2 protein chains.
Amino acid sequence: MRVEESIAIGELSRRTGVNIETIRYFERVGVLATPPRTSGGRRVYGTGHVRALGFVRRARELGFSPAEVRAILSLGGSAQASCSEVREIAAHHLERVRAKMEDLAQLESLLAATIDRCEGDGAASCAVIDLLDQPSSG
Amino acid sequence: MRVEESIAIGELSRRTGVNIETIRYFERVGVLATPPRTSGGRRVYGTGHVRALGFVRRARELGFSPAEVRAILSLGGSAQASCSEVREIAAHHLERVRAKMEDLAQLESLLAATIDRCEGDGAASCAVIDLLDQPSSG
DNA sequence: CTTGCTCCTGTAGTCACTACAGGATGCATA
DNA sequence: TATGCATCCTGTAGTGACTACAGGAGCAAG
């Protein structure tokens, strides 16, 4: 069998776009498996780590929380993860995305209308400031 | 002239819904004016502080960053703030809200489609996991 | 064997708060 | 006046998800 490629932390960082300090942080908090070390104490990664770290990065990019990432990884890593459980996490995440979209849509129309109302007025009261001054009707 | 109402920090907290510790924090970082003190060293607020803190809270609720809140406040407080400058900050904020909405919409359809594709399959590969495994096409 | 890059650990900084310890104040009641 | 209790004070440290730095060690090439 082939001996796996030896990848130093800097190289792993370059390949995945993840900060070196962040890689060590991920290891500390259990998001990335602890790699073996050289006799001198340096971390030695393999292509599996490249994939796993890419997986983590991608999940974070897609807005999964670190807790969710940990949950997915605890299901056995990207390859063996139980489909239905991962799907459930993703579905939950999707719900939150949709809720956030609604919030933002409301906020968008409120802000847009208010800014619009303000426009042109050089006068007395400012609609935007009034908006902020209201107790809580947003 | 009327002597202004004397409000203790706990009462201010109750009236505005802002945590006592957070009120002191706001004072430290310059988001809320430093109030006078009693001879014993206790903070004494007035109705102006109630309004100002409500203003800050409202702005945060609407998603303005602490930096933006500081910027608005530095324009002279809620009452005297220059309308056009506040409007500009709000407009900028609105742009960010819209950008975020677009991001979320993309993510929403990607997630929804992926989850949908996964459904029913008890088999081989999981669409959701595959999504996370891809390098960066989201 | 020295140069220079990469890597190591441990600690501390970031932001926007939140929480706690240990002690002082202030007000009402006995 | 004394006591009791709620509220308040400062200072420090914790949160989460990183990021940054200091001071030292590993390692490959010249």
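If you're wondering where the values come from, they're calculated on a predicted model, not measured in any experiment. Note on naming: letters A, B, ... go to the chains in the order of the sequence lines (proteins, then strands), and numbering restarts at 1 for each one.
- When the P atom of C:dG13 is taken as reference, atom CG of A:N19 falls 19 Å away, rounded to whole Å.
- The side chain of A:T22 places no N or O atom within less than 4.0 Å of a non-bridging phosphate oxygen (OP1 or OP2) of D:dC18.
- Both B:G10 and A:G40 lie near DNA chain D, and the one whose nearest nucleotide falls closer to the 5' end is B:G10.
- Going from atom CD of A:E27 over to atom P of C:dG10 covers 12 Å, rounded to whole Å.
- Looking only at distances, no side-chain donor or acceptor of A:S13 sits under 3.5 Å from a matching main-chain atom of A:I9.
- Surrounding CD of B:E11 are more than 12 heavy atoms belonging to other residues, nucleotides or ligands, all under 6.0 Å away.
- Remark: side-chain polar atoms of A:E68 are paired, donor with acceptor, to backbone N or O of A:S65 under 3.5 angstrom.
- An OP1 or OP2 oxygen of D:dT10 is reached within less than 4.0 angstrom by a side-chain nitrogen or oxygen of B:R37.
- Two residues, A:G41 and B:G41, neighbour DNA chain D, and the one matched to the more 5' nucleotide by heavy-atom proximity is B:G41.
- Following rounding to the nearest Å, B:R28 (CZ) and D:dT12 (P) show an atom-to-atom distance of 11 Å.
- Across the protein-nucleic acid pair, B:F26 atom CZ and C:dC17 atom C1' stand 8 Å apart, rounded to whole Å.
- In terms of position along DNA chain C, the nucleotide closest to B:S65 lies nearer the 5' end than the nucleotide closest to the other residue of the pair B:R42 and B:S65.
- Distance CD1 (B:I7) to P (C:dG26): 17 Å, rounded to an integer number of Å.
- Put simply, B:R43 has no side-chain N or O that comes within less than 4.0 Å of OP1 or OP2 on D:dC8.
- Tested against A:L32, the residues A:Y45, A:Y25, A:F55 include a single side chain to side chain contact (heavy atoms under 4.5 Å, CB included) partner, A:Y45.
- The distance from atom OH of A:Y25 to atom C1' of C:dT14 is 13 Å, rounded to the nearest whole Å.
- When hydrophobic clusters are built by joining Ile, Leu, Val, Met, Phe, Trp and Tyr residues whose side-chain heavy atoms come closer than 4.5 Å, directly or via intermediates, B:V50 is grouped together with B:V31.
- Taking 4.0 angstrom as the limit, B:T38 places none of its side-chain polar atoms (N or O) nearer than this to OP1 or OP2 of C:dT25.
- Distance CD1 (A:I20) to P (C:dC8): 8 Å, rounded to an integer number of Å.
- At a threshold of 4.0 angstrom between heavy atoms, the contacts of B:R24 include nucleobase atoms, whether or not backbone atoms are also involved.
- Residue A:S39 places none of its side-chain N or O atoms closer than 4.0 Å to OP1 or OP2 of D:dG26.
- A donor and an acceptor atom sit less than 3.5 Å apart, one in the side chain of A:E21 and one in the base of D:dC21.
- Between the P atom of C:dC15 and the CZ atom of B:R60 lies a distance of 13 Å, rounded to the nearest Å.
- Within the 4.0 angstrom heavy-atom criterion, no nucleotide atom of any strand lies near A:R14.
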